[in-house]
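Encoded as structure tokens, the structure appears first; notes follow it.
Start at 1 with the first residue, then count along the sequence. What you are looking at is a predicted structure, and each value in this text was computed from that prediction instead of being measured. FYI, side chains are in, hydrogens and waters are out, and symmetry mates aren't considered; it's all heavy atoms of this structure. Each ligand, and each atom within it, is numbered from 1 in the order the structure gives.
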Amino acid sequence: MRALLDGHDLETRDWLFNLMAKSDLFVSRKVGDKVFASPDFNEPMDEMRDKTLERIFFLLRNGVFKDFLKDNSIENSLKQMAVWEVLGIFDHALSVKLGVHFILWGGSIVSLGTQRHHDKWLRITEELKVFGCFAMTELGHGSNVRGIETVTTYDPSTQEFIIDTPCESAQKYWIGGAAKHATHTIVFSQLLIDGKNEGVHAFICQIRDANGRWCRGIRIADCGHKTGLNGVDNGRIWFDKVRIPRENLLNAVADVTPDGQYVSSIKNPDQRFGVFMAPLSSGRVTIAMHATNQAKVGLATALRYALTRRAFSVSTYEPEMLLLDYPSHQHRLLPLLAKTYAMNFAALDLKKLHLKKNPEDSKVVHVISSGFKAMFSWHSQRTLQECREACGGQGLKTENRIGNLKAEYDVQSTFEGDNNVLMQQVSKALLGDYFAARSKGKLMKGMGLEHLNGPRPVMSKELDSNVLRDSRFQLALLQLRERGLLELLDAEVKKIISTGLSTSEALMSSYKLAENLGKAFTERIMLEIFQRAEEQATGSMKKVLGLLRTLSVLSGVDEEPVFLRYGFLSPEQSQLIHREVPAVCAELRPHTLHLVDSFGIPQPFLGLIAYDWVESNAWDNVSGGSSQSIV
Ligand SMILES: CCCCCCCCCCCCC/C=C/C(=O)SCCNC(=O)CCNC(=O)[C@H](O)C(C)(C)COP(=O)(O)OP(=O)(O)OC[C@H]1O[C@@H](n2cnc3c(N)ncnc32)[C@H](O)[C@@H]1OP(=O)(O)O
Ligand SMILES: Cc1cc2nc3c(=O)[nH]c(=O)nc-3n(C[C@H](O)[C@H](O)[C@H](O)COP(=O)(O)OP(=O)(O)OC[C@H]3O[C@@H](n4cnc5c(N)ncnc54)[C@H](O)[C@@H]3O)c2cc1C
């Protein structure tokens with residue numbers, strides 16, 4: 001089961017887990033013969049930031065980043081992702097700081113740069129001889145990248161670009177790495193050539209010299225203490241007419257000739273903008289799996305605890321009940337476990353889609369990664385909260401990890417694209433495809449939307465347990481919801497436009513239907529991927545995966561009012577589904593330990609209460625306690 005979940009590079013993962021578990025740079029606690037690895041969240045912010053950098057150089061010395069940017073084969077890229085995932089399980093700040101350097105700074109050079117940039121920057125980036133950051137967001141504009149105010153002009157007499165921060169709201173903000181350690185940045189800016197705004201472009205700019213001093217025209221300030229992720233030094237940057245060589249324009253999409261002519265292979269400004277946004281998809285693809293992995297840490301800790309913690313007896317002469325023997329506790333945690341399995345398979349599928357994509361697939365990866373990043377990070381936070389509560393007071397203890405993970409990973413719903421804004425991208429793309437197909441009399445094609453070309457699914461009235469557990473029924477129900485919502489949204493937008501409002505205004509006021517559609521699309525794709533994962537399994541594993549798939553879908557339907565609101569299910573059918581969920585939970589209960597151990601997260605990286613929590617709280621393990629003199 002672990003091989004199916006991780007999908008690749010299990011040996012690399014275990015090697016890296018062991019490397020960290022053997023180093024005092026990562027180990028936070030020792031209990032008997034066990035070590036536990038976690039950052040020290042009690043450290044002052046500055047020390048946390050320096051400790052993150054120290055860990056990065058430890059990993060560099062151990063060859064962890066070798067060929068990360070120079071070898072972009074699918075095999076090597078998957079190995080990298082395995083490394084990122086393991087580092088993210090240890091600490092979000094460590095993975096984010098590396099993510100900014102390798103995925104955003106390095107990834108932008110790979111995808112938006114050309115050979116001259118690759119030759120000059122990739123090797124020194126891998127060797128950490130430069131430390132890159134990614135300056136897209138401004139104080140005044142984060143989601144709306146097209147609205148950023150940094151302005152770059154061109155001086156043909158010196159063949160230089162001049163980058164300027166024209167006002168305070170244009171200061172680059174939240175830039176990971178900028179506050180202390182970064183030496184260079186990718187800066188996103190409007191490009192003005194001969195007074196014409198050619199739109200957002202990306203430039204390489206040095207911000208610190210080898211001694212850490214700001215470069216000419218650069219001002220930097222700290223974003224200050226955050227509610228989490230303080231191991232990353234987020235900073236603010238002002239550019240005071242900073243001059244950079246013409247060659248520093250990342251010119252895969254467009255260029256400026258030495259005499260100042262703007263040239264681009266993409267004439268449509270929207271499409272050009274889309275290409276400049278494409279590096280963000282890599283981060284979203286990564287976040288989809290990282291968010292899922294944090295849910296795993298929470299669930300493995302909380303469910304292992306629920307298999308040893310007892311509370312109340314059913315009758316006087318009975319032992320107290322295990323928490324996980326309570327149907328209510330099963331219902332709180334096992335649907336989340338099932339959804340986490342579903343998200344794992346979906347995130348794994350997206351990684352491979354992303355790595356194998358051709359340029360024309362960029363939009364598809366954008367749409368799917370937007371939906372997955374948003375929904376999986378929301379799921380992760382919801383799961384961590386439920387797991388925290390399921391552990392009672394122990395859930396609030398830092399050494400048990402769950403509480404801190406909520407704070408450290410909260411940012412995932414915002415950075416790399418605000419979740420609500422990204423979900424709009426999903427519904428906007430679907431509506432656009434639907435409208436184009438209908439107006440041209442063409443069939444829907446791509447992203448599994450072909451189901452819209454066939455007849456509307458008909459739900460049988462008799463929904464017994466066998467039907468409810470049949471993946472064909474489940475897929476038909478999710479397709480029915482997706483089709484229904486798309487038709488409703490299309491009709492509503494057209495009705496609003498007929499009153500004279502614009503498409504944007506119509507979409508704005510149809511936001512709820514749009515949100516529902518984005519969720520429906522994402523969950524339908526997830527089910528199709530889960531079905532494919534199930535096909536790879538045999539025997540008892542196939543049976544358990546079937547239970548997980550059913551619980552993931554039926555619990556989602558049970559919690560979603562849209563099915564009743566728009567008549568995709570009758571009240572009677574909805575009640576049958578409502579009753580089936582606890583039954584499936586009870587059937588999954590005996591497999592719980594196997595299912596969480598299949599996450600492949602070694603003991604040092606889970607909360608202490610996942611193991612012998614009496615021993616870890618015993619007097620002999622009270623840190624400094626046994627040395628006290630007992631009067
Ligand atoms: C190494 C260790 C790894 C560890 C892993 C940790 C996590 C990894 C993450 C790394 C670290 C994270 C630190 C945080 C960094 C940041 O936060 S960076 C800044 C992030 N900012 C954003 O994401 C900005 C969000 N906004 C946008 O993306 C865009 O503004 C938009 C909202 C998507 C576009 O809006 P709008 O102006 O309305 O333009 P549209 O008309 O919608 O788009 C024009 C066309 O472009 C297409 N498009 C848009 N984005 C993309 C894309 N990414 N890829 C491909 N195509 C794109 C869009 O679909 C439109 O196409 P058409 O409709 O066909 O014209
Ligand atoms: C810890 C951290 C690290 C970061 N690292 C980096 C980095 O390294 N580099 C970088 O460039 N950026 C970075 N960011 C910035 C991040 O990408 C932005 O915060 C994010 O894009 C959201 O932009 P914003 O904060 O301006 O929020 P806004 O875009 O102002 O959004 C605020 C609210 O308005 C809502 N909203 C916005 N637009 C719409 C709309 N059209 N319809 C409905 N609601 C809307 C959003 O849903 C949100 O709730 C980081 C941020 C944080 C917190």
Side-chain angles (χ1 to χ4, degrees), residues 56 65 68 80-81 83-88 92-108 111 132-148 172-178 182 185-188 200 223 226-230 232-235 237 268-291 293 357 359 361-367 369-370 373-374 377 408-426 428-429 431-433 436 504 507-508 511 514-515:
I56 288 174
F65 311 129
F68 262 26
Q80 272 181 56
M81 289 179 157
V83 165
W84 301 147
E85 288 157 27
V86 168
L87 296 178
H92 195 206
L94 176 61
S95 63
V96 166
K97 193 162 173 90
L98 284 166
V100 167
H101 177 73
F102 280 104
I103 294 181
L104 296 179
W105 155 267
S108 297
S111 61
C133 62
F134 185 86
M136 174 179 276
T137 301
E138 295 177 356
L139 173 64
H141 294 87
S143 296
N144 179 13
V145 178
R146 272 204 247 242
I148 60 176
K172 291 299 179 182
Y173 212 99
W174 289 124
I175 312 310
T185 191
I186 305 285
V187 49
F188 287 78
V200 172
C223 287
K226 303 186 289 290
T227 52
L229 213 71
N230 283 301
V232 176
D233 52 318
N234 295 94
I237 309 173
N268 178 318
D270 274 351
Q271 286 173 19
R272 211 162 51 217
F273 174 71
V275 174
F276 275 110
M277 292 297 104
L280 295 171
S281 295
S282 304
R284 294 166 188 158
V285 169
T286 312
I287 289 172
M289 185 55 91
H290 276 244
N293 287 345
K357 75 177 180 298
D361 301 330
S362 170
K363 176 77 177 284
V364 168
V365 171
H366 166 53
V367 174
S369 63
S370 293
K373 181 265 183 188
S377 53
E408 293 299 302
Y409 275 85
D410 181 14
V411 67
Q412 283 191 328
S413 56
T414 296
F415 73 18
E416 279 286 332
D418 170 85
N419 281 2
N420 290 282
V421 170
L422 292 182
M423 288 306 283
Q424 290 173 0
Q425 284 288 299
V426 178
K428 184 174 167 185
L431 196 61
D433 288 0
S504 299
L507 268 173
M508 216 183 296
Y511 67 91
E515 281 170 23

Contact (N/O only, under 3.5 Å) between [X] and ligand 2:
| X | result |
| --- | --- |
| E138 | no |
| Q424 | yes |
| G142 | yes |
| K226 | no |

[atom]: any protein heavy atom closer than 4.0 Å:
| atom | value |
| --- | --- |
| atom 32 (C) of ligand 2 | no |
| atom 47 (O) of ligand 2 | yes |
| atom 43 (C) of ligand 2 | yes |
| atom 25 (O) of ligand 2 | no |

Do the side-chain N and O atoms of D410 and T227 include a donor-acceptor pair separated by under 3.5 angstrom?
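Checked: D410/T227 side chains show no N/O donor-acceptor pair below 3.5 Å.
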For residues 135-145, which side-chain donor-acceptor pairs fall under 3.5 Å, sequence neighbours excluded?
| unit_1 | atom_1 | unit_2 | atom_2 | d |
| --- | --- | --- | --- | --- |
| E138 | OE1 | E149 | N | 2.7 |
| E138 | OE2 | E149 | N | 3.4 |
| E138 | OE2 | T150 | N | 3.1 |
| E138 | OE2 | T150 | OG1 | 2.5 |
| E138 | OE2 | K172 | NZ | 3.0 |
| H141 | ND1 | G147 | O | 3.2 |
| H141 | NE2 | G147 | O | 3.4 |
| N144 | OD1 | R146 | N | 3.4 |
| N144 | OD1 | G147 | N | 3.2 |

How does V411 reach ligand 2, by side chain, by backbone, by both or by neither, if only non-hydrogen atoms under 4.0 Å count?
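Just the side chain.
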How does V232 reach ligand 2, by side chain, by backbone, by both or by neither, if only non-hydrogen atoms under 4.0 Å count?
neither
Return the set of residues passing ring pair (Phe, Tyr, Trp, His ring centres under 6.0 Å) with Y173 (not counting sequence neighbours), or none when no residue passes.
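Testing Y173 for ring pair (Phe, Tyr, Trp, His ring centres under 6.0 Å), a comparison that skips the adjacent residues, returns none.
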Between [atom1] of [X] and [atom2] of [Y], what distance do you get to the nearest 0.5 Å?
| X | Y | atom1 | atom2 | result |
| --- | --- | --- | --- | --- |
| L87 | K97 | CG | NZ | 14.0 Å |
| S377 | F415 | OG | CZ | 9.5 Å |
| I237 | W174 | CD1 | CH2 | 14.0 Å |
| L98 | I56 | CG | CD1 | 4.0 Å |
| E515 | N419 | CD | CG | 11.0 Å |
| K373 | S281 | NZ | OG | 11.5 Å |

Looking only at protein heavy atoms, identify the closest one to [atom] and say how far it is in Å.
| atom | value |
| --- | --- |
| atom 3 (C) of ligand 2 | N234 ND2, 3.3 Å |
| atom 28 (P) of ligand 2 | S143 OG, 3.8 Å |
| atom 20 (C) of ligand 2 | T414 O, 3.5 Å |
| atom 16 (C) of ligand 2 | T137 OG1, 3.8 Å |
| atom 8 (O) of ligand 2 | G176 N, 3.0 Å |

Give a yes or no answer on whether the side chain of H290 reaches the backbone of G88 with a donor-acceptor pair at less than 3.5 Å.
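Absent.
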Under 4.0 Å from a heavy atom of [X]: give me the atoms of ligand 2 that qualify, with their elements.
| X | answer |
| --- | --- |
| D418 | 46 (C), 47 (O), 48 (C), 49 (O) |
| N420 | 47 (O) |
| M136 | 11 (O) |

Using the side chain to side chain contact (heavy atoms under 4.5 Å, CB included) rule, take H366 and M277 through it: C-alpha gap first, then chi angles, then the decisive distance, then the call.
CA-CA 9 Å; H366 166 53; M277 292 297 104; over 6 Å; no
Measure the distances from the heavy atoms of K172 to every atom of ligand 2 and state whether one is below 4.0 angstrom.
no
Out of L229, V421, L507, who gets a non-hydrogen atom closest to atom 39 (C) of ligand 2?
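Closest candidate by heavy-atom distance is V421.
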Closest to atom 5 (N) of ligand 2 (judged by heavy-atom distance), picking from F134, Y173, W174, W105
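It is W174 whose heavy atom sits nearest to atom 5 (N) of ligand 2.
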Parallel under 30°, tilted from 30 to 60°, perpendicular over 60°: which one fits the rings of F102 and F68?
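Perpendicular.
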Got the residues with a heavy atom under 4.0 Å of ligand 1, by chain and number?
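Residues within 4.0 Å of ligand 1: W84, S95, V96, L98, G99, V100, I103, L104, F134, M136, T137, G142, S143, V145, R146, D270, F273, G274, M277, A278, L280, S281, R284, T286, I287, H290, S362, K363, H366, F415, E416, G417, V421, Q425, K428.
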Can you confirm whether or not the ring centre of F276 sits under 6.0 Å from the ring centre of F188?
no
For the pair Y409 and N293, evaluate side chain to side chain contact (heavy atoms under 4.5 Å, CB included) and give the outcome as yes or no after the intermediate values.
CA-CA 11 Å; Y409 275 85; N293 287 345; over 6 Å; no
Do any pairs count as a salt bridge (charged side-chain N to carboxylate O under 4.0 Å, His left out) and have a residue in residues 272-284, sequence neighbours left out, and if so which ones?
E198-R272
Would you indicate whether the side-chain heavy atoms of E416 and L104 approach each other to under 4.5 Å?
yes
